Amino acid sequence: MRLPYLALAVVMVPVMAALVVAGGRTLKGSQSTVAIDQIDPGADTISQAGTDAGSEEPATSAIPAPAPPTPKPAVHSRAIDPDVVAPPELPAGELERVEPREPLSKLALAMPPKPKMPDDWNGTKLFQPVATAAGLIEAKGYSVAISGIDVVPQDETCTTDGKSWPCGIRARTAFRAFLRGRAVVCTVPPEGGRDRIAAQCRIGKQDVGQWLVENGWARAAKGGPYVEAGEKAQSAKKGIFGSAPNLAGMPAEPAAPAQAPEAPGSILEEVDGTLKPADQPAPAE
């Protein structure tokens with residue numbers, strides 16, 4: 001009884017193996033079909049076009065036609081008379097002058113803001129001023145030119161009675177003697193700058209510009225407050241308007257020191273082929 005069952009089992013093993021292989025192939029084919037459908041969304045259209053092979057319509061009819069290009073707007077050109085190339089002629093009548101219009105706001109008429117001064121400000125004190133020329137002061141970071149005068153440069157030369165003399169240096173020396181290191185009060189902002197400022201200055205109650213012009217060490221500027229004082233100084237021939245200073249009472253320049261004797265190059269000298277001590281100079285008494 002066991003032999004028939006054993007033979008049946010041996011026969012069924014190859015049959016089952018064949019069924020398993022056939023089922024795997026079917027399952028693999030179905031999965032590949034699903035993947036193709038998911039990847040290519042136009043597969044239905046292609047397959048439908050393939051089934052309708054009997055129809056006369058080609059397979060590419062499913063592709064939509066490209067949209068027509070958008071027409072460009074027409075460009076309207078300005079009409080130009082080809083015979084006239086120059087601008088139109090102006091009317092032959094006289095032109096009428098029209099008054100300018102008023103500014104749109106008062107800001108257009110505004111002036112630049114002035115530096116803010118303290119309420120009790122009456123000038124800035126400049127200590128230990130240095131006169132670089134007659135009318136120029138440098139101190140505390142300021143460079144001030146005395147207003148109302150024409151500064152006399154230090155290299156100016158004046159000619160009086162046919163004789164030239166350095167009046168610029170003489171005027172600067174006189175101005176330095178007047179200052180004598182005293183504090184000068186000038187109408188300059190409390191904070192100095194690099195630019196030169198023209199301002200009025202005083203020492204105590206003495207106007208510096210007035211003193212320079214009155215004594216002839218500066219020229220009065222045209223239209224300034226010292227014109228009358230300048231005319232008087234020129235008439236009196238003061239300062240740079242006068243003659244060259246008399247240096248007769250000045251001590252003469254010291255004479256140049258006598259040239260010292262040259263030291264011998266060596267303390268030995270050669271006499272008849274023998275080195276002997278050289279003659280030394282006698283000591284000064």
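The structure displayed is predicted, hence computed values, not measured ones. Along the sequence shown, the residues carry numbers beginning at 1.
- Judged by distance alone, the side chains of Thr160 and Ser243 never bring a donor and an acceptor atom under 3.5 Å apart.
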Yes or no on side-chain contact (heavy atoms from CB on, under 4.5 Å) for Thr157 and Cys167, after CA distance, side-chain angles and deciding distance? CA-CA 5 Å; Thr157 302; Cys167 58; 5.6 Å; no
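- Interatomic distance, Leu126 CG to Ile203 CD1, rounded to the nearest 0.5 Å: 10.5 Å.
- Scanning all heavy atoms of the two residues, the minimum distance from Ile149 to Gly209 falls at CG2-O, 4.1 Å.
- Taking the centre of each ring, Phe178 and Trp211 come in below the 6.0 Å mark.
- Follow the hydrophobic side-chain contacts under 4.5 Å out from Val184 and you reach Trp217 in the same cluster.
- In the hydrophobic cluster analysis, where Ile, Leu, Val, Met, Phe, Trp and Tyr join through side-chain heavy atoms closer than 4.5 angstrom, Leu179 is grouped apart from Val188.
- Side-chain contact check for Trp165 versus Cys158: some heavy-atom pair is nearer than 4.5 Å.
- Across Cys201 and Val144, no two heavy atoms sit closer than the pair SG-CG1, 3.9 Å.
- Contact annotation: the side chain of Arg196 approaches that of Leu136 to within less than 4.5 Å [non-hydrogen atoms, C-beta and beyond].
- Shortest non-hydrogen contact noted between Gly148 and Pro225 is CA-CD, 4.2 Å.
- Partners of Lys125 according to the side chain to side chain contact (heavy atoms under 4.5 Å, CB included) rule, which considers only residues two or more places apart in sequence or in another chain, are Phe127, Val185.
- Linking Ile, Leu, Val, Met, Phe, Trp and Tyr whenever their side-chain heavy atoms come within less than 4.5 Å leaves Phe241 and Ile169 in two separate clusters.
- No more than 12 heavy-atom neighbours from other residues, nucleotides or ligands sit within 6.0 angstrom of CD on Gln128.
- Scanning both residues, Gly230 and Ala220, for their nearest heavy atoms gives CA-CB, 4.4 Å.
- Contact record, Ala171 with Ala134: CB-CB, 3.7 Å, taken as the closest heavy-atom pair.
- Checked for salt-bridge contact, Glu231 and Arg219 miss the test: no charged N lies under 4.0 Å from a carboxylate O.
- Between the Arg176 side chain and the Ala131 main chain, a donor and an acceptor come within less than 3.5 Å of each other.
- More than 12 heavy atoms of other residues, nucleotides or ligands sit less than 6.0 Å from atom CD of Gln210.
- Between Ile146 and Ile137 there is a side-chain heavy-atom pair separated by less than 4.5 Å.
- The minimum heavy-atom distance linking Lys238 with Asn215 is given by the pair CB-O, 3.6 Å.
- A continuous path of hydrophobic side-chain contacts links Ile240 to Leu212 [ILVMFWY only; heavy atoms under 4.5 Å].
- Checking side-chain atoms of Ser147 against main-chain N and O of Ala198 turns up no donor-acceptor pair under 3.5 Å.
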